[in-house]
2 protein chains.
Amino acid sequence: MHHKTTALIIDDEAQIRKLLVFTLEKQGYRTLTADTGTLGIEMTAMHKPDIILLDIGLPDITGIDVLSRIREWSQVPVIILSVRDREEEKVVALDKGADDYLTKPFGMSELLARVRVALRHQSQTDTTSSILSNGAIKLDVASHLVTLHGREIELTATELHLLRIFLQHPGKILTHTFLLTEVWGTAFKEETQYLRVYVGNLRRKFEKDTTRPTIFITEPGIGYRMLLLEEPPIL
Amino acid sequence: MHHKTTALIIDDEAQIRKLLVFTLEKQGYRTLTADTGTLGIEMTAMHKPDIILLDIGLPDITGIDVLSRIREWSQVPVIILSVRDREEEKVVALDKGADDYLTKPFGMSELLARVRVALRHQSQTDTTSSILSNGAIKLDVASHLVTLHGREIELTATELHLLRIFLQHPGKILTHTFLLTEVWGTAFKEETQYLRVYVGNLRRKFEKDTTRPTIFITEPGIGYRMLLLEEPPIL
DNA sequence: TAGAGACGTAAGAGGTTCGTGAAGCAGTGG
DNA sequence: CCACTGCTTCACGAACCTCTTACGTCTCTA
């Protein structure tokens, strides 16, 4: 993957947006901005930012609603920004899934520190170590490079995503619903046909005999499982 | 198996400690207290609390030092409490591994909300897959894997579902109606023949001698029962 | 010991789920 | 505008599971 860490700023005040964009980009983050809640939700779905800075007072829908909508399908860290210092509002926001809550005016260095904390939590949650492997199959997450016995395998974006999910849970049975929500999003959790096609693709590229799979096992009525594989002999 | 969530309060002011203990215990947390940094570090090692509330101004060593020492070996969530609102100090604390930073005076409901946020992060990090077990039979609910004496047993979706119900009520007599309702739904509560077939399947896969079952016992006219089994010897 | 009711087991029909090849469709770059 | 790639959708045979039926066994009671 290595793209820059991307921050989405959802705030209706142009001044604040500018300040945040300037500050974050100076630190090397990529930034996206949205001036309404609806747009913010769309951009979250579209661009999958690594962190969201969300103003609670928006023109169309409240920041809390934006947060709730996003939390239906994403665990991206969200830091709430607010002009009001109302404790009750803080509690609601934090319990709705916000990761932090900052009251304006706040210092930029504190904001950056809290962004780092949120991203740190996230990276602990993601098992995003730079190389995932299971036996002879290795995936370098940063460079998108996949190898089988050291030979490179060409994968499309979706195949790669699916493989990554399997590699993050080696040996475990992953349900249809789980795989579909992880790779395609919660709206696709019924589309088991996608899995048939893409697990098929992975088998075609990794299995010796696709008719009798030894890596990607079907668990009928439940889901699929990537077996724990032997480490290849070190030559 | 569920022990209460334990909070360790490291603060030298008795008043604050009392207030925090009172508030947290009212919410159902277990609390521990330490009035010096050194003691706090010891208690962290000894009692492995689930979260730490750490005052930054301590008599012996600074809260930052306490944090650094703890972070050498533990990822327990730490929320810093401080009387000072110095931004620079916040940044240092957060970058040293603190999960949040609250400036006194703060509201108790905000504190509790931030404790919940910290614990939520932690529970996402832990990959504690819940395991149901009875003797040598183990079911990892998340990964749907079943083992008997460590060897994996292949189960169909229905068999798995039925086994889960048994494991959730070990040793208890479960009526036909109850089992049928749980696994097949209330519309099937008369279909006791299903149970004969599927309990038979489980016996075939788990019992040594299916003609004299020692695990899945028939309670004639009532239902079935999964006996409490001996823990397997630790080798 | 006979009979009735409940239970266990085997086997097959039927239906659901799977795998796979191929056809639409959308986006990209020449 | 066309060729190319990859995602989605469709169609159909194969594989598998669930449900059903049939029948034998066990247990309790008279």
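Order of the sequence lines sets the chain letters (A, B, ...), proteins ahead of strands, with each chain counted from 1.
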Q | Nearest-angstrom distance from the residue atom CD of B/Glu219 to P of D/dC26 | A | 19 Å
**Q.** Distance-only donor-acceptor check, side chains A/Ser82 and A/Tyr101, under 3.5 Å
**A.** yes
Q. Can you find a side chain N or O atom of B/His176 that sits less than 4.0 Å from OP1 or OP2 on C/dA6?
A. no
Q) Is A/Asp209 paired with A/Arg204 through a side-chain N to carboxylate O contact shorter than 4.0 Å? A) no
Q.
At less than 4.0 Å, is any side-chain N or O atom of B/Thr218 found next to OP1 or OP2 of C/dG8? Yes or no.
A. yes
Q: Provide, to the nearest angstrom, the distance between the CZ atom belonging to A/Arg196 and the P atom belonging to D/dA14.
A: 17 Å
Q: Can you figure out which of D/dC17, C/dC18, C/dG8 approaches the side chain of A/Pro220 most closely?
A: D/dC17
Q. With under 30° as parallel and over 60° as perpendicular, where do the rings of A/Phe178 and A/His169 fit, or are they tilted in between?
A. perpendicular
Q. Is the shortest side-chain N to carboxylate O distance from A/Arg30 to A/Asp50 below 4.0 Å?
A. no
Q) Between D/dC7, C/dT9, D/dT9, which nucleotide has the shortest distance from any of its atoms to the side chain of A/Thr156? A) D/dC7
**Q.** A/Thr210 side-chain proximity, nearest of D/dT18, C/dT20, D/dC7
**A.** C/dT20
**Q.** A/Gln193 (side chain) and C/dT17 (base): donor-acceptor pair under 3.5 Å
**A.** no
Q. Within the structure shown, what part of the strands sits under 4.0 Å from B/Val199 by heavy-atom distance: base, sugar-phosphate, or nothing?
A. nothing
**Q.** d(CZ, A/Arg212; P, D/dC16) in whole Å
**A.** 12 Å
Q) Can you check the B/Tyr194 OH to C/dG8 C1' distance for me, whole Å? A) 17 Å
Q) Rounded to whole angstroms, how far apart are CG on A/Asn201 and P on C/dC18? A) 16 Å
(Q) Tell me if the side-chain of A/Glu191 makes a donor-acceptor pair with the base of D/dT9, cut-off 3.5 Å, by modelled atom types. (A) no
Q. How is B/Phe188 classified with respect to the nucleic acid when contacts are heavy atoms under 4.0 Å: base, sugar-phosphate, or nothing?
A. nothing
Q.
What is the distance, to the nearest angstrom, from the CH2 atom on A/Trp184 to the P atom on D/dT9?
A. 11 Å
(Q) Counting the atoms with a prime plus P, OP1 and OP2 as sugar-phosphate, which does B/Arg204 contact under 4.0 Å by heavy atoms, base, sugar-phosphate, or nothing? (A) nothing
Q) What is the distance, rounded to the nearest whole Å, between atom CG of A/Leu155 and atom P of D/dT5? A) 16 Å
Q) Out of D/dT8, D/dT18, C/dA10, which nucleotide sits closest to the side chain of B/Tyr198? A) D/dT18
(Q) If I take atom CZ in residue A/Arg203 and atom P in nucleotide C/dG21, what distance separates them, rounded to the nearest angstrom? (A) 13 Å
Q | Side-chain ion pair, A/Asp11 and A/Lys104, N-O less than 4.0 Å | A | yes
